[in-house]
Enquirer: 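My structure is below; once you've seen it, I'll send some questions.
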Amino acid sequence: MYKTVEIGYHPKASDMAAAIEHAANELAAQGHRVVSFSVTGSAKAIVLAERESDDACTGKDIHHEY
């Protein structure tokens, strides 16, 4: 099962890196592994993560803004 997380506007690279790291650590605590992420031209990012076991997933994408 895959999950996406949107990272809000962070125009400074160091702030964006910290927000992505925070999201990745939260996802890991929930049993997910970050597969990929993309930073958009509008200084936002999308993180894609997966869970190896579908047992605890609801099947809904969850949107968090960091």
Side-chain angles (χ1 to χ4, degrees):
M1 175 90 27
Y2 290 95
K3 180 177 185 174
T4 58
V5 176
E6 178 185 347
I7 308 294
Y9 178 75
H10 292 287
K12 292 184 179 180
S14 60
D15 294 342
M16 177 62 77
I20 291 171
E21 181 178 349
H22 176 77
N25 287 333
E26 248 188 38
L27 288 163
Q30 297 171 12
H32 290 80
R33 180 178 68 89
V34 173
V35 175
S36 181
F37 70 91
S38 177
V39 178
T40 68
S42 61
K44 295 182 180 182
I46 299 167
V47 178
L48 176 66
E50 72 175 342
R51 179 182 288 239
E52 296 207 13
S53 170
D54 291 342
D55 297 340
C57 288
T58 62
K60 295 181 181 178
D61 282 341
I62 299 175
H63 175 260
H64 295 282
E65 185 135 347
Y66 297 96

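Along the sequence shown, the residues carry numbers beginning at 1. Since the structure is predicted, the reported quantities are computational estimates derived from the model, not experimental observations.
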Enquirer: Using every non-hydrogen atom in the two residues, find where V35 and Y2 come nearest and quote the distance to one decimal.
Expert: CG2-CE2, 4.4 Å
Enquirer: Give, for atom CD1 of I46 and atom CD1 of I20, the distance between the pair rounded to the nearest 0.5 Å.
Expert: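 I46 CD1 to I20 CD1: 11.0 Å, rounded to 0.5 Å.
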Enquirer: To the nearest 0.5 angstrom, please state how far the NE2 atom of H32 sits from the CD atom of E50.
Expert: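 Rounded to the nearest 0.5 Å, the NE2-CD separation comes to 9.0 Å.
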Enquirer: Grab the two heavy atoms, one from M16 and one from A43, that are nearest each other, plus how far apart they are.
Expert: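 The pair with the smallest heavy-atom distance is CE-O, 3.2 Å.
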Enquirer: Is there a side chain to side chain contact (heavy atoms under 4.5 Å, CB included) between K3 and R51? Walk through the geometry before answering.
Expert: CA-CA 8 Å; K3 180 177 185 174; R51 179 182 288 239; over 6 Å; no
Enquirer: Calculate, to the nearest 0.5 Å, the distance between atoms CD1 and OG1 belonging to I7 and T40 respectively.
Expert: 11.0 Å
